[in-house]
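Have a look at the structure below before the remarks.
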There are 2 protein chains.
Amino acid sequence: MSEETPSRDPHLQVICQRYPDYPAQAAAVVRTAKLIARRIHDRANATLSEHGLTHPEYNLLMMLYGSDDYRSTPSLLAQAAAEKSANITRLTDQLCRKGLIARSPSLSDRRKIEISLTPAGVGLLEESLPSTCSDLQELASHISVQDLQQLVQLQQRFLAALDLHPSAARPA
Amino acid sequence: MSEETPSRDPHLQVICQRYPDYPAQAAAVVRTAKLIARRIHDRANATLSEHGLTHPEYNLLMMLYGSDDYRSTPSLLAQAAAEKSANITRLTDQLCRKGLIARSPSLSDRRKIEISLTPAGVGLLEESLPSTCSDLQELASHISVQDLQQLVQLQQRFLAALDLHPSAARPA
DNA sequence: TATGAATAGTTTATTAATGTACTAAATAAA
DNA sequence: TTTATTTAGTACATTAATAAACTATTCATA
């Protein structure tokens, strides 16, 4: 490890002393991404519980909100929300039970299901958005728009590297 | 929403048309962090399964590897690895059963447990590190060290904002 | 010194998430 | 046209993760 260690994590310094080839910078990116995701998840769950939603449910609803005609398919949702297909089934079952989404057969491909927001789903989302957005906006207010944009851009470059390099182990 | 939408996600553009106050940049940060964390998790699980480890187990082992005397406590591990304490218990139970860590009572505080890597734990870690590190290094090779450092720094600024703003909802 | 509050870690029940197997349908190849 | 392969989504069993409750211990306050 020839470059400087990220300063916020004393563990990394010790690791690099013990294993000099440890890619500390990349490990720090990964670790911090996980911290962000976890912290936001907990925080969002607390806020959304007042509306009877969990964070993963909310994410699916938002993906539908951001789709043409509030409409999508389980596979597209799985991809967009970084969830496995079996979990999409579980989550959409829950949202169906809550009357927030509806399932219908696709007219163009009989394997496919179409999922759309119900009016109640749109209503609940728009009811929850003031608190959700102000919470997130509060966080964002400490960082300039340019810095946020740069952060996203750098994140996306890291993600792009994952696409270039399929896992060295057996395919899942 | 007055600034440009991150370009990689068409959902965000539609969301902002429907709800103009949506903080798109911050949402993009959050979403991309989750994508990174998920992708790395899946990728690491595939690599580590050859060594009989899961990604969360590996993370704990690495935290111990980066601690003085390979030694820590469940609470410190929970914090460092972004896991809840009940999950630390579950994970450390598993690692104990595998003989990779050992528990002992703390001499300074009877509430506390000390957890340390066993020689088998150190051995397994160092056996897994070549493939783990080369995998991660491969990803990192597409981004300059300066860019990685900047990415981490920006991530950490986002995290710092979370500390400044406790959740608006009831404390968990 | 006694009492109240906070901390540490585990247990337990519950929910969340995943891997695998499956059926039906679509697509690709022969 | 037939066969092989891939895709879509769900069922099911299993593992992963969590909230709440708990006991013991430590720390803070009166």
Side-chain angles (χ1 to χ4, degrees), chain A residues 34 37-46 48-49 52-60 71-98 101-115 167 169-172, chain B residues 34 37-46 48-49 52-60 71-98 101-115 167 169-172:
Chain A
K34 181 183 167 188
R38 278 285 170 93
R39 293 282 295 271
I40 292 285
H41 177 74
D42 289 345
R43 187 183 179 95
N45 272 331
L48 291 163
S49 69
L53 290 175
T54 65
H55 189 220
E57 286 171 349
Y58 164 83
N59 281 334
L60 284 201
R71 189 181 298 267
S72 188
T73 65
S75 301
L76 288 175
L77 288 178
Q79 205 170 38
E83 297 286 352
K84 301 286 166 67
S85 70
N87 211 27
I88 293 292
T89 302
R90 185 182 68 86
L91 291 170
T92 50
D93 282 351
Q94 284 178 342
L95 291 170
C96 267
R97 275 195 297 271
K98 291 174 183 177
I101 65 169
R103 282 187 174 104
S104 53
S106 165
L107 299 181
S108 54
D109 182 337
R110 286 192 292 186
R111 296 171 302 179
K112 291 192 178 181
I113 300 273
E114 295 211 334
I115 291 180
S167 175
R170 303 158 282 199
Chain B
K34 180 181 166 188
R38 277 287 171 90
R39 294 280 298 271
I40 291 285
H41 177 75
D42 289 344
R43 189 184 178 94
N45 273 333
L48 290 164
S49 69
L53 289 177
T54 65
H55 189 221
E57 286 171 349
Y58 164 84
N59 281 334
L60 284 201
R71 190 181 296 267
S72 188
T73 65
S75 301
L76 288 176
L77 288 177
Q79 206 172 37
E83 298 285 352
K84 301 284 166 69
S85 71
N87 211 29
I88 294 293
T89 300
R90 184 181 67 84
L91 291 169
T92 50
D93 282 351
Q94 284 179 343
L95 291 170
C96 268
R97 276 197 296 271
K98 292 173 181 178
I101 65 169
R103 282 188 174 102
S104 52
S106 166
L107 300 181
S108 55
D109 183 335
R110 287 192 295 185
R111 296 171 302 179
K112 289 191 178 183
I113 300 273
E114 293 213 337
I115 290 180
S167 175
R170 302 158 282 199

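Each chain gets a letter, A, B and so on, in the order its sequence line appears, and its residues count up from 1. The structure presented is a predicted model; accordingly, all values stated were derived computationally and were not measured.
Regarding A:Asp42, its CG atom lies at a distance of 18 Å from the P atom of C:dT15, rounded to whole Å. In this entry the distance linking CD of B:Glu114 with P of C:dA8 reads 13 Å, nearest Å. Summarising the geometry, the separation between NE2 on B:His41 and P on D:dT15 is reported as 15 Å, rounded to the nearest angstrom. Distance CG (A:Leu77) to C1' (D:dT7): 16 Å, rounded to an integer number of Å. In this entry the distance linking CG of A:Leu91 with C1' of C:dT18 reads 12 Å, nearest Å. The interatomic distance linking A:Glu83 (CD) with D:dA17 (P) rounds to 13 Å, in whole Å. Rounded to an integer number of Å, the gap from CG of B:Asn45 to C1' of C:dT18 is 10 Å. One can place NZ of A:Lys112 at 9 Å from C1' of D:dT7, the figure rounded to the nearest angstrom.
Across all strands, B:Gln94 comes closer than 4.0 Å only to sugar-phosphate atoms, never to a base (heavy-atom distances). Residue B:Asp109 is classed as a sugar-phosphate contact, given heavy-atom separations below 4.0 Å to backbone atoms only. If you check every strand for non-hydrogen atoms under 4.0 Å, B:Ser106 touches nothing.
Nearest to the side-chain atoms of A:Asn87 among the listed nucleotides D:dA8, D:dT25, C:dT18 stands C:dT18. Listed nucleotides D:dG9, D:dT18, D:dA24 differ in distance to B:Arg111; the shortest reach to its side chain belongs to D:dA24. Out of C:dA25, C:dA8, D:dG9, the shortest distance to the side chain of A:Arg110 is found at C:dA25.
With contacts defined as side-chain heavy-atom distances shorter than 4.5 Å, the pair A:Ser106/A:Arg111 does not qualify. Residues B:Pro74 and B:Thr89 fail the side-chain proximity criterion, which asks for heavy atoms closer than 4.5 Å. Between B:Lys84 and A:Asp42 the shortest side-chain heavy-atom distance falls below 4.5 Å. Between B:Leu76 and B:Lys112 the shortest side-chain heavy-atom distance does not fall below 4.5 Å. Under the 4.5 Å side-chain criterion, counting only non-hydrogen atoms from C-beta, B:Asp93 is in contact with B:Arg103. Counting heavy atoms from C-beta outward, B:Glu114 and B:Leu107 have side chains that stay 4.5 Å or more apart. By the 4.5 Å heavy-atom criterion applied to side chains, A:Ile115 and A:Ser72 are not counted as neighbours.
Residue A:Ser75 places at least one side-chain N or O under 4.0 Å from the OP1 or OP2 atom of D:dG9. Under 4.0 angstrom from either OP1 or OP2 of C:dG19 there lies at least one side-chain N or O belonging to A:Lys84.
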Could you pull out the protein-nucleic contacts involving nucleotides 10-12 of chain C (nitrogen or oxygen on both sides, under 3.5 Å)?
residue: C:dT10; atom: OP1; partner: B:Arg103; partner atom: NE; Å: 3.1
residue: C:dT10; atom: OP2; partner: B:Thr89; partner atom: OG1; Å: 2.9

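Comparing A:Leu76 and A:Arg38 against DNA chain D, the residue whose closest nucleotide sits nearer the 5' end is A:Leu76. Where B:Thr54 and B:Ser108 meet DNA chain D, the nucleotide closest to each residue was compared, and B:Thr54 sits on the side nearer the 5' end.
The salt bridge (Lys or Arg N to Asp or Glu O under 4.0 Å) test with B:Glu57 singles out one residue from B:Arg97, B:Arg90, B:Lys98, and that residue is B:Lys98.
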